[in-house]
*Asks:* 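The structure is given below, and queries will be raised subsequently.
Because only heavy atoms are used, hydrogens play no part in the values below, and waters and symmetry mates are left out as well, while side chains stay in.
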Amino acid sequence: MGNEPFLFVVMGATGDLMAKKLLPALYRLFSKGHGRDAVILGVATRQIGDQGFRAFAEESLKRSGLRPERDWCSQRLYYYSLKGGFEGLSKKVKEIEARHSLPGNRIFYLALPPDAFPSTIEGLGETGLNRSKGWTRLVVEKPFGRDLASAIELNNLVGRYFHENQVYRIDHYLGKETVQNLLVFRFANAIFESLWHRDRVERVEITVAEREGVEKRAGYYDRAGALRDMVQNHLTQLLTLVAMEVPVTFEPDSIRYEKVKVLKAISSPSKEDVVFGQYVEGEMDGKRVRGYREEEGVRPDSETETYVALKLEIDNWRWQGVPFYLRTGKRLPRKLTRIIIVFRRSPVCIFRPFGGCEANPNILSITIQPDEGFDLYFDVKKVGQPVILDTQRLCFRYREAFGELPEAYETLLVDILKGDQTLFVHREEVEESWRIYDPLLKETIPVHPYRAGTWGPETNPFPKGESWTGL
Ligand code: BG6
């Protein structure tokens, strides 16, 4: 199925996502032999015509270090300005399909600002673009809603025109090799699985740290904030993969079912278990960095959080009583996505009388990006007398074993072509995840300042530093 000809329609085709992620991924896939007969139709409001869009595409590919094959842009790329309405779009789609003898397989990719989702879905549905002779798939980018009510409303709207098996809700973290590996790591290695529960695990920490500030996305970000932008989706997805039960099979429905069960067992955190922060002017690499409120497009009195740290509890047999700490922020000292499992210490340290030392907990540190891999920390005896314990680690590095890793978007696009929904978020997952955070969105949570280039607000009940465990 992955190699059938299809039409890839991108709604929001002149935006950043298209330029930086989708076009490069589409072109790389094309170079690797996927979708060689595919045609791309860019749709946006600007009136730039086919030529203008091709020039935009060439420029974007060049910026990503790619040199498009001669004729790729001129023979495979078209543009439609939505100023001509959805009926016009439907006509254009049919024209292109006839010209390229395409069988009617269509992907509609919504790379749009969230407020444009409803009218676009309705436009596609009302003009009959949700049905064709071949297959039709709808890809929806995050954020999927801005709270529980709007997510349900959006799901209902999608459901009015598309069947759930046509819908691909993107969380690009699920496309990262290292995130997919979490399932293999857990369910192919029985030694870890046998330790993966409340009797052996003291706590779990999930960090997604970013160096970048809000960049050019203030228009969206200032109304969203880190809780909606990162925690409700990426961090919560990581949590479900760490915490879920073993699925019966490696099939999309089995996996999604287990993920939903974890989400259902999480209650909303109380206000006391949440810290919000916002970066103020600071220094990174010896250079002055602007504060969030000085960024272009941000309201000067904005109270939007650019940092969140919170504690969740999962009320099920496996995890009851084990805190899960989630933390993310912009303008932190370095880019790092890491999951840390802290195992319980040995109940009695028999070495204390000798060297006066404590046994350290065993720690499994899974680095999602960069420097992808994992480290298992354990204690050894330092050479010599008296007996002193020293922490050492076993390491695995993805790139040393396998070389370059594919971009998440490439992986996800291939799955959309194949019709594999495993790495996409089910309707119920989105709603359950919003249910957890919805009460916080209605609270007034103080936003503490932190200097750009530091690890977050000082006013923080959670452990501080690059790693909460002091690694
Ligand atoms: C996006 C968020 O979903 O993920 C951005 O909207 C964030 O704010 C980005 O920067 C992080 O993705 P990655 O893959 O660079 O960790």
*Asks:* Would you mind listing every salt bridge (charged side-chain N to carboxylate O under 4.0 Å, His left out) that reaches into residues 225-241, with sequence neighbours excluded?
*Replies:* K142-D229, R217-D229

*Asks:* Heavy atoms only: give me the nearest D171-L412 pair and the separation to one decimal.
*Replies:* O-CD1, 4.3 Å

*Asks:* Will you find, in the side chains of Q237 and E429, an N or O donor that is under 3.5 Å from an N or O acceptor?
*Replies:*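 Yes, a side-chain donor-acceptor pair sits under 3.5 Å.
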
*Asks:* Could you give the distance from CG (L23) to CD (E59), rounded to the nearest 0.5 Å?
*Replies:*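 Spacing of CG (L23) from CD (E59) equals 12.0 Å.
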
*Asks:* Is NZ or CZ of R54 both nearer than 6.0 Å to the six-membered ring centre of Y78 and within 45° of the ring axis?
*Replies:*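 Yes; both conditions hold, so R54 lies above the ring face of Y78.
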
*Asks:* What distance separates L413 CG from Y168 OH, expressed to the nearest 0.5 Å?
*Replies:*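 It comes to 12.0 Å.
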
*Asks:* Looking at D438 and R435, is any side-chain nitrogen of the basic one under 4.0 Å from a carboxylate oxygen of the acidic one?
*Replies:*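 D438 and R435: not salt-bridged.
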
*Asks:* Are there more than 12 heavy atoms of other residues, nucleotides or ligands under 6.0 Å from atom OH of Y257?
*Replies:*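 No.
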
*Asks:* Is a side-chain donor-acceptor pair under 3.5 Å present for T236 with Y437?
*Replies:*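 The criterion, which ignores hydrogens and geometry beyond distance, is satisfied for T236 and Y437.
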
*Asks:* What residues form a side-chain hydrogen bond (donor to acceptor under 3.5 Å, both in side chains) with Q166, not counting sequence neighbours?
*Replies:* none

*Asks:* Could you check whether any side-chain N or O of T127 sits under 3.5 Å from a backbone N or O of E87, counting only pairs where one atom can act as donor and the other as acceptor?
*Replies:*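 Checking the backbone N and O of E87 against the side chain of T127, no donor-acceptor pair under 3.5 Å is found.
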
*Asks:* Under the criterion salt bridge (Lys or Arg N to Asp or Glu O under 4.0 Å), I'd like the reasoning laid out for K32 against E410: C-alpha separation, chi angles, the key distance, then a yes or no.
*Replies:* CA-CA 11 Å; K32 291 178 189 167; E410 271 180 58; 2.6 Å; yes

*Asks:* Can you list, pair by pair, the side-chain donor-acceptor contacts under 3.5 Å of residues 107-121, counting residues two or more places apart and other chains?
*Replies:*
unit_1 : atom_1 : unit_2 : atom_2 : d
Y109   : OH     : E141   : OE2    : 2.7
S119   : OG     : A116   : O      : 3.3
T120   : OG1    : A116   : O      : 2.6

*Asks:* Restricting to pairs with a member in residues 309-320, which pass salt bridge (charged side-chain N to carboxylate O under 4.0 Å, His left out), not counting sequence neighbours?
*Replies:*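 Qualifying pairs, neighbours excluded: E193-R318, E245-R318, K311-E313.
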
*Asks:* Does K271 have any salt bridge (Lys or Arg N to Asp or Glu O under 4.0 Å) partners at least two apart in sequence or in another chain, and if so, which?
*Replies:*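 Expected list: E443.
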
*Asks:* When rounded to the nearest 0.5 angstrom, what is the spacing between CG in D375 and CD1 in I340?
*Replies:* 9.5 Å

*Asks:* Hey, could you give me the CD/CD distance between E305 and E303, rounded to the nearest 0.5 Å?
*Replies:*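 Going from the CD atom of E305 to the CD atom of E303 covers 10.0 Å.
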
*Asks:* Got V262 and I314 here, is their nearest side-chain heavy-atom distance under 4.5 Å?
*Replies:* yes

*Asks:* Counting only heavy atoms from other residues, nucleotides and ligands, does the tally under 6.0 Å from CD of E296 exceed 12?
*Replies:* no

*Asks:* For F56 versus S60, what's the shortest heavy-atom pair and its separation?
*Replies:*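 Reported closest heavy-atom pair: O-OG, 2.7 Å.
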
*Asks:* Is any NZ, NE, NH1 or NH2 atom of the basic residue among R76 and E69 found under 4.0 Å from an Asp or Glu carboxylate oxygen of the other?
*Replies:* no

*Asks:* Quick one: do R399 and E177 satisfy salt bridge (Lys or Arg N to Asp or Glu O under 4.0 Å)? Show the steps, please.
*Replies:* CA-CA 11 Å; R399 286 169 203 271; E177 281 288 329; over 6 Å; no

*Asks:* Go through the structure and list residues passing side-chain hydrogen bond (donor to acceptor under 3.5 Å, both in side chains) with S254, not counting sequence neighbours.
*Replies:* T249

*Asks:* Short question: side chain of R203, backbone of F343 - any donor-acceptor pair under 3.5 Å?
*Replies:*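 No.
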
*Asks:* Can you tell me how the ring of F53 sits relative to the ring of Y79, calling it parallel under 30°, perpendicular over 60° and tilted otherwise?
*Replies:* tilted

*Asks:* Could you state the interatomic distance from CG (L102) to NZ (K133), rounded to the nearest 0.5 Å?
*Replies:* 9.0 Å

*Asks:* Got a sec, which residues hit salt bridge (Lys or Arg N to Asp or Glu O under 4.0 Å) with E153, two or more places apart in sequence or on another chain?
*Replies:* none

*Asks:* Does W434 reach the main-chain N or O of F144 with its side chain, forming a donor-acceptor pair under 3.5 Å?
*Replies:*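 Flag set: sc W434 to bb F144 pair under 3.5 Å.
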
*Asks:* Return yes if a side-chain donor-acceptor contact under 3.5 Å exists between K176 and Q369, otherwise no.
*Replies:* yes

*Asks:* For the residue pair H172 and Y409, does the interplanar ring angle fall in the parallel (under 30°), tilted (30 to 60°) or perpendicular (over 60°) class?
*Replies:*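 Rings of H172 and Y409: parallel, under 30°.
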
*Asks:* What side-chain hydrogen bond (donor to acceptor under 3.5 Å, both in side chains) pairs are there with at least one residue in residues 5-25, not counting sequence neighbours?
*Replies:* D16-K20

*Asks:* Would you check if I368 and V179 make a side-chain contact, meaning some heavy-atom pair closer than 4.5 Å?
*Replies:*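 Side chain of I368 against side chain of V179, heavy atoms only: contact under 4.5 Å found.
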
*Asks:* With E95, which residues qualify under salt bridge (Lys or Arg N to Asp or Glu O under 4.0 Å), at least two apart?
*Replies:*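 E95: no salt bridge (Lys or Arg N to Asp or Glu O under 4.0 Å) contacts found.
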
*Asks:* Tell me, please, which residues at least two apart from N316 pass side-chain hydrogen bond (donor to acceptor under 3.5 Å, both in side chains).
*Replies:*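 Per chain and number, N316 pairs via side-chain hydrogen bond (donor to acceptor under 3.5 Å, both in side chains) with no residue.
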
*Asks:* Excluding sequence neighbours, so at least two apart, what forms salt bridge (Lys or Arg N to Asp or Glu O under 4.0 Å) with D222?
*Replies:*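 D222 satisfies salt bridge (Lys or Arg N to Asp or Glu O under 4.0 Å) with R299 once adjacent residues are dropped.
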
*Asks:* Hey, what do you get for CG (N181) to CD (E372), rounding to the nearest 0.5 Å?
*Replies:* 11.0 Å

*Asks:* For the ring pair F187 and F185, is the centre-to-centre distance below 6.0 Å?
*Replies:*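 For F187 and F185, the ring centres are not under 6.0 Å apart.
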
*Asks:* Quick one: does D147's side chain have a donor or acceptor within less than 3.5 Å of a partner on S150's backbone?
*Replies:* yes

*Asks:* Can you list the residues that meet the side chain to side chain contact (heavy atoms under 4.5 Å, CB included) rule with T422, with sequence neighbours excluded?
*Replies:*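 Once residues adjacent in sequence are excluded, the partners of T422 under the side chain to side chain contact (heavy atoms under 4.5 Å, CB included) criterion are P252, I255, D420.
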
*Asks:* Looking at R169 and N155, what are the two nearest heavy atoms and their distance?
*Replies:* NH2-OD1, 3.0 Å

